[in-house]
Participant: 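Supplied in structure tokens, the structure appears directly below.
Every number for a ligand or one of its atoms is a count from 1 in the order of the listing.
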Amino acid sequence: MNNSKLYSILNKEDLSKEEIVYLLSLTDKEDIQELFSKADNVRKEYCGDEIHLRGIIYFSNYCEQDCLYCGLRISNQELTRYRMTKEEILTAAGQIINEEIKSIVLQSGEDFKYDCGCISDIIKIIKENYDAAITLSLGERGFYEYDEWIIAGAESYILKHETANKNLYFKLHNKQSLGERLIHLRYMKAIGFHTGNGNLIGLPGQTLDDIADDILLAKELDCNLASFSPFIPSSKTPFHSFDKADLTLTLKTIAVARLVLKDVHIPSTMALAALDETGREKGLQVGANVLMLNFTPKPYCNNYEIYPGKNIIPGDLSSNISNLKLILERFGRKIDTDKVHH
Ligand code: 5AD
């Protein structure tokens with residue numbers, strides 16, 4: 001390697017914020033390739049070759065929040081809203097189990113129509129019928145609700161911090177604050193949830209410093225999963241005319257996150273597929289080790305439109321479950337369909 005500064009940073013155990021920013025700013029193709037291959041090695045050393053599959057059900061696209069970047073925001077009146085019934089959710093869960101995937105993610109907007117007891121019932125019926133781990137991703141809810149859902153049998157909760165820059169966070173999120181979000185995340189972890197967090201890359205006004213802080217915050221929060229995902233502009237939001245995230249910056253972020261977070265689960269997100277046809281394969285080769293596959297039934301899935309085309313990505317791994325094994329074996333990886341626990 002010609003770049004001795006890069007060489008010494010890539011061989012350090014702990015990275016400072018300055019070093020993280022340096023890695024995120026790399027522009028030389030060979031340097032970037034060195035970063036990617038180091039991240040892939042760290043992934044192999046700490047996590048092995050398994051790619052953990054999770055089946056995700058987007059069961060409601062109602063949301064009480066008004067986040068400037070998100071197509072589900074309450075002000076978006078052009079979106080056809082839906083709520084799935086308990087029976088429909090159970091059927092979709094059955095399809096995940098039929099694919100021998102034992103980890104189910106239930107995600108929705110912040111939709112309080114599904115009250116505490118209703119979510120508990122959904123968790124219980126899935127648990128009664130299937131041997132599956134359940135991850136919830138329902139936004140910020142009541143603390144007593146988190147308690148109840150653990151008792152009902154849910155194991156994990158994903159609540160992304162979105163951005164570690166508290167001023168930017170405040171501008172993007174109506175009513176919500178970064179401090180409050182972190183209180184929720186820390187509470188969930190304290191009561192025993194496996195937690196997931198993460199950011200959005202390429203938000204208007206975001207700097208490389210902010211992304212470095214995202215990675216360091218993920219480390220401090222000590223979650224089981226951290227998702228670093230690109231921003232895709234959504235036509236029905238105030239952010240419709242901003243640029244989508246840069247693919248290379250997104251991949252660099254995943255790679256640096258792997259160097260810093262070591263054994264944490266890092267997904268190759270669906271938004272990566274929206275950015276680039278083989279984006280998810282690329283993510284898996286620079287540090288990611290988790291894939292979420294969409295099992296939301298039609299016609300609902302087309303309306304979970306956080307950003308355009310979220311669920312209709314031709315060639316994406318979600319539409320190719322039968323071929324997934326072959327695709328992943330091509331680059332030396334194995335599928336793990338088990339419950340994902342540390
Ligand atoms: N582009 C990419 N991801 C988005 N999310 C919301 N809006 C967008 C967008 N425009 C992500 C947020 C949220 C998750 C459910 O969807 O990170 O946590």
Participant: Show me a pair-per-line table, with atom names and distances to 0.1 Å, of protein N or O atoms that are under 3.5 Å from an N or O of ligand 1.
Facilitator:
residue, atom, partner, partner atom, Å
ligand 1, 1 (N), Ile232, N, 3.0
ligand 1, 1 (N), Ile232, O, 3.4
ligand 1, 10 (N), Tyr69, O, 2.9
ligand 1, 10 (N), Ile232, O, 2.7
ligand 1, 17 (O), Lys160, NZ, 2.9
ligand 1, 17 (O), Glu162, OE1, 2.6
ligand 1, 17 (O), Glu162, OE2, 3.4
ligand 1, 18 (O), Glu162, OE2, 2.6

Participant: Let me see the working for Phe231 and Phe242 under ring pair (Phe, Tyr, Trp, His ring centres under 6.0 Å), right down to the final yes or no.
Facilitator: CA-CA 10 Å; Phe231 161 72; Phe242 287 107; 7.3 Å; no
Participant: Between the side chains of Ser16 and Glu19, does any donor sit under 3.5 Å from an acceptor?
Facilitator: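 Yes, Glu19 and Ser16 have a side-chain donor paired with an acceptor closer than 3.5 Å.
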Participant: Which pair of non-hydrogen atoms, one from Arg280 and one from Leu293, has the smallest distance, and what is that distance?
Facilitator: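 Heavy atoms of Arg280 and Leu293 come nearest at NH2-CD2, 3.9 Å.
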Participant: Would you say Asn3 and Asp31 are linked by a side-chain donor-acceptor pair, where the criterion is simply a distance under 3.5 Å?
Facilitator: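 Yes, side-chain donor-acceptor contact under 3.5 Å.
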Participant: Please work out whether the ring planes of Tyr146 and Phe193 are parallel, tilted or perpendicular, with thresholds of 30° and 60°.
Facilitator: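 It falls in the perpendicular class, over 60°.
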Participant: Give me the ring orientation class for Tyr300 and Tyr82: parallel if the planes are under 30° apart, tilted from 30 to 60°, perpendicular past 60°.
Facilitator: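 Parallel: the ring planes of Tyr300 and Tyr82 meet at under 30°.
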